[in-house]
Amino acid sequence: MSTASTKNKLVVILGPTASGKSDLAVKLALRLRSGRNKFGIEGAEIISADSRQVYKGLDIGSGKITKKEMQGISHWLLDVANPKRRFTLAQYQKLALKAIKNIQKRGKLPIIVGGTGFYIQSVVDGIVIPEVKPDWKLRKKLEKLGVGGMFKKLKKLDPKRAKNIDAKNPRRLVRALEIVLKTGKPVQKSGRLTSQFSILQIGIKKSPGELKKNIHKRLAKRLKKNAMINEVKKLHRALSWKRLEEFGLEYRFVAQYLQNKISKEQMIEKIQKESEHFAKRQMTWFQRDKRIIWISGSHKAKQRIDIFLNK
RNA sequence: GCCGAGGUAGCUCAGUGGUAGAGCACUGCUCUGAAAAAGCAGUGGUCGAAGGUCCGAUUCCUUUCCUCGGCA
């Protein structure tokens with residue numbers, strides 16, 4: 001009866017690293033299994049929004065959920081990319097939208113879970129990404145100009161963009177130039193689509209102290225029996241140290257340790273500290289979105305979802 | 001006890017006769033095909049203590065306390 005009203009619904013569970021997103025999502029999904037809920041939906045499936053968990057083989061270091069932890073709930077967008085290649089926002093957006101529609105078509109509720117704010121935003125706001133694929137050769141060439149050179153060039157080719165770009169940020173300058181050079185014309189801000197979904201965004205709130213403790217605990221667990229170090233060693237059979245360092249955090253510092261660039265103690269300190277920084281950056285990102293409802297326990301999350309599904 | 005080195009921002013240290021800086025940490029922020037990425041901004045010090053010289057001392061001199069090496 002109420003299936004029609006749940007048809008385009010989408011729930012997002014987000015939060016900083018080590019806040020317990022995956023657990024909560026599974027818990028919520030289990031509660032909605034068909035026959036057990038009063039909302040007339042056929043269950044729920046989870047879509048990951050994590051820029052590292054998309055890669056095959058990045059398991060322990062990225063905190064990927066295990067088969068067992070999934071408890072029978074389907075998970076999408078894990079292990080969809082080869083770590084040798086770079087996965088991008090646009091790819092994520094396409095795959096995520098496809099997954100959402102697939103899930104909704106079967107009368108189930110899609111739950112996006114993750115900490116990559118940019119990825120989440122790309123589907124929640126339906127960002128329009130300029131149709132210019134990354135050209136790594138061009139980027140390399142451009143980078144040689146340095147930020148000063150690139151900024152000058154952009155000023156000439158796309159003065160409007162140059163006006164509000166972060167003039168000292170090489171990544172932004174490269175992309176802006178890439179767009180002008182490839183399309184031949186200045187591409188101005190591309191705007192957003194109004195979202196096609198009815199969305200509930202729930203954020204998990206944790207105090208800095210709690211987060212710190214969770215990160216620490218989690219790190220100790222990953223280090224047990226050399227599990228994480230062995231994972232990186234294994235990955236190195238196919239990936240360069242440079243590539244591994246690009247993944248950041250655990251992968252960056254374990255790779256540095258294995259190359260004898262830093263000691264084991266330094267590795268641990270670095271992972272801890274950088275993860276704390278990362279969590280902060282994530283929160284800075286999320287806090288801009290006033291639609292997010294912040295909760296601290298799973299009970300509140302359940303309540304919110306019930307209200308949402310009943311609408 | 002003697003000799004040497006040093007005490008400057010939370011940490012590691014630079015520096016100057018005209019009341020101080022860097023990196024990291026900390027705080028806040030940016031973000032449209034690399035986002036665990038890449039960037040930006042801000043807070044913070046009576047320069048170990050007390051005297052002296054000087055128009056003026058964190059910088060020079062004396063004393064004193066503390067730390068670290070070496071010798072006893």
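To find a chain, count down the sequence lines: A is the first, B the second, and so on, and within it residues start at 1.
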For [X], give me all partners under side chain to side chain contact (heavy atoms under 4.5 Å, CB included), at least two apart in sequence or on another chain.
| X | answer |
| --- | --- |
| A:K182 | A:V132, A:D135, A:L138, A:E178 |
| A:K270 | A:F253 |
| A:S296 | none |
| A:K273 | A:E276, A:H277 |

Excluding sequence neighbours, so at least two apart, what forms salt bridge (charged side-chain N to carboxylate O under 4.0 Å, His left out) with [X]?
| X | value |
| --- | --- |
| A:K212 | none |
| A:K264 | none |
| A:K84 | none |
| A:R86 | A:E246 |

Using a 4.0 Å heavy-atom cut-off across all strands, classify [X] as base, sugar-phosphate, or nothing.
| X | answer |
| --- | --- |
| A:S62 | base |
| A:E178 | nothing |
| A:G117 | nothing |
| A:E250 | base |

Checklist entry - With a distance cut-off below 6.0 Å to the six-membered ring centre and an angular limit of 45° from the axis, does A:R172 pair with A:F151 as a cation-pi contact? => result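 Geometry flag: not set, cation outside 6.0 Å or 45°.
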Next on the checklist: Under 6.0 Å from the ring centre and within 45 degrees of the ring axis: does the NZ or CZ of A:K9 meet both conditions for the six-membered ring of A:F308?
Outcome noted: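 Yes; both conditions hold, so A:K9 lies above the ring face of A:F308.
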Gap in Å between the two [atom1] atoms, one belonging to [N] and one to [M], rounded:
| N | M | atom1 | result |
| --- | --- | --- | --- |
| B:G39 | B:G44 | C1' | 23 Å |
| B:U43 | B:G21 | P | 12 Å |
| B:A50 | B:U58 | C1' | 15 Å |
| B:C3 | B:C11 | P | 31 Å |
| B:C26 | B:C65 | P | 38 Å |
| B:A49 | B:G7 | C1' | 11 Å |
| B:A22 | B:C61 | P | 28 Å |
| B:A25 | B:U59 | C1' | 28 Å |

Whole angstrom value for the distance that separates [atom2] of [N] from [atom1] of [X]:
| X | N | atom1 | atom2 | answer |
| --- | --- | --- | --- | --- |
| A:R252 | B:A35 | CZ | P | 12 Å |
| A:L249 | B:A38 | CG | P | 11 Å |
| A:F253 | B:A37 | CZ | C1' | 13 Å |
| A:Q91 | B:U32 | CD | P | 18 Å |
| A:F118 | B:A38 | CZ | C1' | 12 Å |
| A:R86 | B:A34 | CZ | P | 9 Å |
| A:L173 | B:U32 | CG | P | 11 Å |
| A:Q282 | B:U30 | CD | P | 15 Å |

Write out a two-atom table: protein N or O, nucleotide N or O from nucleotides 39-41 of chain B, distance below 3.5 Å.
residue, atom, partner, partner atom, Å
B:G39, O4', A:N169, ND2, 3.4
B:G39, O2', A:D166, OD1, 3.2
B:G39, O2', A:D166, OD2, 2.7

Next on the checklist: Through direct or indirect side-chain contacts below 4.5 angstrom among Ile, Leu, Val, Met, Phe, Trp and Tyr, which residues connect to A:F278?
Outcome noted: A:L249
Next on the checklist: Suppose we call a contact any N or O donor and acceptor under 3.5 Å apart; does that hold for the side chain of A:E143 and the base of B:A34?
Outcome noted: yes
Next on the checklist: Does A:R139 contact B:A34 through a side-chain donor or acceptor facing the base, at a distance under 3.5 Å?
Outcome noted: yes
Checklist entry - Less than 4.5 Å apart, any side-chain heavy atom of A:I307 and any of A:N310? => result no
Next on the checklist: Does a side-chain N or O of A:R175 approach OP1 or OP2 of B:G33 to a distance below 4.0 Å, or not?
Outcome noted: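 Yes.
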Checklist entry - Within the pair A:Y92 and B:G33, is there a side-chain N or O less than 4.0 Å away from OP1 or OP2? => result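 Result: no.
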Please list, pair by pair, any protein nitrogen or oxygen found under 3.5 Å from a nitrogen or oxygen in nucleotides 23-26 of chain B.
residue, atom, partner, partner atom, Å
B:C26, OP1, A:K273, NZ, 3.3
B:C26, OP2, A:H277, NE2, 2.5

Next on the checklist: Set out, in order, the CA-CA distance, both residues' side-chain angles and the distance that settles side chain to side chain donor-acceptor pair (under 3.5 Å) for A:D289 and A:Q201, then state yes or no.
Outcome noted: CA-CA 10 Å; A:D289 192 339; A:Q201 290 192 89; 3.0 Å; yes
Next on the checklist: On RNA chain B, compare the nucleotides closest to A:K94 and A:Y251; which residue's is nearer the 5' end?
Outcome noted: A:K94
Checklist outcome for this item: Pairs under 3.5 Å (Watson-Crick or G-U), crossing ones as [ ], inter-strand ones as |: RNA chain B comes out as (((((((..((((....[..)))).(((((.......))))).....(((((..]....)))))))))))).
Item to check | Output field: ring centroids A:Y92/A:F118 closer than 6.0 Å | outcome: no
